[in-house]
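Have a look at the structure below before the remarks.
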Amino acid sequence: MKKFMLPLAIALMAILPARADEGMWLPALISQRIGDMQAKGFKLTAEDIYSVNQASLKDAVVLFGRGCTGELVSNDGLIFTNHHCGYSYIQKHSSVEHDYLKDGFWALNRGEELPNPGLTVSFLEYMQDVTAQVLEGYKPEMTEEERSQLVRENSNKLMRAARDESKGLTASVEALYYGNQYFLFVFRVYSDVRLVGAPPSSIGKFGGDTDNWMWPRHTGDFSIFRIYADADNNPAVYSQNNVPYHPKKFFKISRAGVKEDDFTFVYGCPGSTKEYITSDETAYTAEVSDPQKIALRTKRLEIMKKHMDQSQAVRIQYSAKYASVSNAWKKWQGEAKGIAKMKTVATKQAYEARFKEWAKGKRYDGVLEKLSSLYKEYIPYYRAYEYYNETVRPIEILSVANMVASFKELNISKDLSKAISIENFYKDYYQPIDEEIFVSMMKALGENLSEDMLPAYYKEQLAKYGTVEAWKDSVFSKSIFTDKAKVRALTAADTTLVKNDPATLMYNAFNEWQRNTLRPVVVKLNSKINLAYRDYMQGQMDFQPEKNFYPDANLTLRVAYGKVAGYSPADGIDYRPVSTLKGIIEKDNPDIFDYNIPQVLRDIYAQGGHEDQPVCFLATNHTTGGNSGSPVLNADGNLIGINFDRVWEGTMSDIAFDPEFCRNISLDVRYLLFNIEYIGHAAYLFDEMEFVD
Ligand code: ARG
Ligand code: ASP
């Protein structure tokens, strides 16, 4: 009998779902995964990925700004990231005379590169497990508050010791696994980062919100920057004397292309995931939170769209706002659907039942019950908090009132930075949209929060004015913030006027509700929930010692690996993993804003020979927000693409990864090269890159 056992086990393994592409692994611990990576085709070693003793791939990856990733591609500090990551910088350089967003921007020599105040890139110098140091002095009888205090103090000590301003070194201590483990991350931060190139938005944002989170995709989502350093290659503030930064490592570019099943590997900074939450929290997210936020944003988007369709000027004013509102709106829809389809809540409930059985008599006994009761207490407050975020904060007149009220002194026309923020606000402000959003959001707040959760201020205003419309009319007719000229002319003598403006009063009343009624409860319960999660997390690890756990994303550097693969989103549909220029031409339509490509691209295509030009590809790497701009590498560690999105049907990967539906979307690096050559006429940039084919 025995001799049949092995083949049977292997046969069984073959039919188990290929869950192995799930995971965002810590580079410093990648030696634990390297065997699996190599078995799947990777040809390098753990030391090649991460090393503190020698240059490794990690030295070619940067945190770009505060929420994206970028990668070094030359010995002179050239970096690639996404167009949507460089967007706000490209926008800041744009004016009516030079509309770089619309027309693209290409420096034709280094002297033409544009500095970007405020933009930084951060290199990870090293990461280190500091759990023992962070918890030094901890006693089990401590309260969670005392423990937090201790963790803060010990972390501060470690960070102070690791920081070195003269070398541009900053440090942070991050909790992993709900504080079961702590890691110190030391970064070198460069702040002279210049814009080198960006395609026109009709390429870099091709497909816009229509195609966002979708496949087939044809977005040329890239922009190019360069890092500058002082004469010693150290970080320095912008100066004309700075020179291109010479990295320890940069990626070589492969033009060999991708095909189904090729090994791929994404090295970047994923922002936030919640893979180990309970069924309760999952159900709240997918069945309450996502749907309510989607409904509120649907209303806002409809209002914006109506006015944007009526006026070209309004469309320009609100296009970035619309894009940012709709991005999460669309993601949540995919997430809620994906969790329902995967039956994640039921799967988690079944898992929890097994866990409870196993935990009997162990230190984890009761932890799930505790989480469940804490969560019940938490939800009404958290739900109201989410309502505050999605109904009060979108009212723009309140935010400008708060901005002005927070200026220490009112001399707006004299103080350049204040004057600029005021100008920026009004440049993109259209009052009819704001008035409609006010009415729609305040109605939704009243209809959806129970009487006892609604702030007293809200009830008073309704009692006073009778209807939300009348309340709105009063605010907008009396507030000075509807009048840009009046706001510009404000001086110190107007402090009381600003303080008593109806928009300021409304902002303050809601803010106080949020700060004094909701937040304290949310924060207090959060700390208890976090403590229980810390136990539950450790419990899950003890319960499944054979499972490979990875910490939730927290914007620290991670490795995800998988393979190029299409998917089948629904019965009768099979998606292939590669898109081409032919598809762009098929979508091209001068009458549809999202699909109106530049004439030059039509002309190039018409000349022939570019039908098969690859544009984007799909793979099974586990990624999330923050991974945008991440290098996508092949088995040899060479650059084949730039990550920029996921497919809609797989956005539940932040909570549960389904290998059947979760796909990351990457720009094929060859389309970037195509753009440099044919759109930017900046082929001189190829001289500093290294190609391996
Ligand atoms: N969905 C991608 C991400 O979450 C891309 C967003 C930018 N594109 C857009 N059309 N809004 O960042
Ligand atoms: N588009 C996201 C980003 O900007 C990536 C994702 O959510 O998959 O980071």
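In each ligand, atom 1 is the first atom listed, and ligand 1 is the first ligand listed.
Each of the following atoms of ligand 2 lies closer than 4.0 Å to a heavy atom of Asp645: 1 (N), 8 (O). Below 4.0 Å from some heavy atom of Gly208 lie the following atoms of ligand 1, by number and element: 10 (N). Annotation for ligand 1: atoms under 4.0 Å from non-hydrogen atoms of Phe644 are 2 (C). Of all atoms in ligand 2, numbered sequentially from 1 with element shown, those under 4.0 Å from a heavy atom of Trp213 are 7 (O). Per-residue contacts place Asn627 under 4.0 angstrom from the following atoms of ligand 2 (heavy atoms of the residue considered): 9 (O).
At a heavy-atom cutoff of 4.0 Å, ligand 2 is contacted by the backbone of Thr624 but not by its side chain. When non-hydrogen atoms are compared, ligand 2 lies under 4.0 Å from neither the backbone nor the side chain of Thr651.
Note on ligand 2: Lys331 sits outside its first shell, no heavy atom being nearer than 4.0 Å.
Any N or O atom pair closer than 3.5 Å counts here, and Thr623 shares no such pair with ligand 2. The shortest N/O to N/O separation between Ser628 and ligand 2 falls below 3.5 Å. In terms of N/O distances under 3.5 Å, ligand 2 is approached by His84. Looking at Phe644 next to ligand 2, an N or O pair under 3.5 Å apart turns up. The distance criterion of under 3.5 Å between nitrogen or oxygen atoms is not met by Cys68 with respect to ligand 2.
Residues His93 and Asn116 bring a donor and an acceptor atom of their side chains to less than 3.5 Å of each other.
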With ring pair (Phe, Tyr, Trp, His ring centres under 6.0 Å) as the test, would you mind laying out the steps for Phe222 and Phe80 before giving the verdict? CA-CA 7 Å; Phe222 75 91; Phe80 293 162; 7.4 Å; no

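Judged by the 6.0 Å and 45° rule, Lys563 forms no cation-pi pair with Phe265. The cationic group of Arg558 does not satisfy the cation-pi geometry with Tyr550, failing either the under 6.0 Å distance to the six-membered ring centre or the 45° limit from the ring axis. For the pair Lys58 and Tyr50, the cation-pi test (distance below 6.0 Å, angle within 45°) is passed. No cation-pi contact links Lys427 to Phe425, judged by a cut-off of 6.0 Å to the six-membered ring centre and 45° from its axis. Stacking of Lys330 on the aromatic ring of Trp213 is not recorded, the 6.0 Å distance cut-off and the 45° axial limit not both being met. Cation-pi check for Arg297 over Trp329 is not met; the charged atom does not lie both under 6.0 angstrom from the ring centroid and within 45 degrees of its normal.
Here the rule is ring pair (Phe, Tyr, Trp, His ring centres under 6.0 Å) with Phe123, and of Phe187, Tyr245, Phe185 only Tyr245 fits it.
Remark: Ile665 CD1 to Trp648 CH2 distance equals 13.0 Å, nearest 0.5 Å.
Between the choices Asp221, Asn212, Asp594, the shortest heavy-atom distance to atom 8 (N) of ligand 1 belongs to Asn212. Counting only non-hydrogen atoms, the option in Asn643, Thr651, Asp209, Val325 that gets closest to atom 11 (N) of ligand 1 is Asp209.
For atom 2 (C) of ligand 1, the nearest protein heavy atom (residue, atom name, distance) is Asp645 OD1, 3.1 Å. Protein heavy atom closest to atom 8 (O) of ligand 2, with residue, atom name and distance, is Arg646 NE, 2.8 Å. In this structure, the protein non-hydrogen atom closest to atom 12 (O) of ligand 1 is His84 NE2, 3.2 Å. Among all non-hydrogen protein atoms, the one lying nearest atom 3 (C) of ligand 1 is Asn327 ND2, 3.7 Å.
The SG atoms of Cys269 and Cys68 lie 2.5 Å or more from each other.
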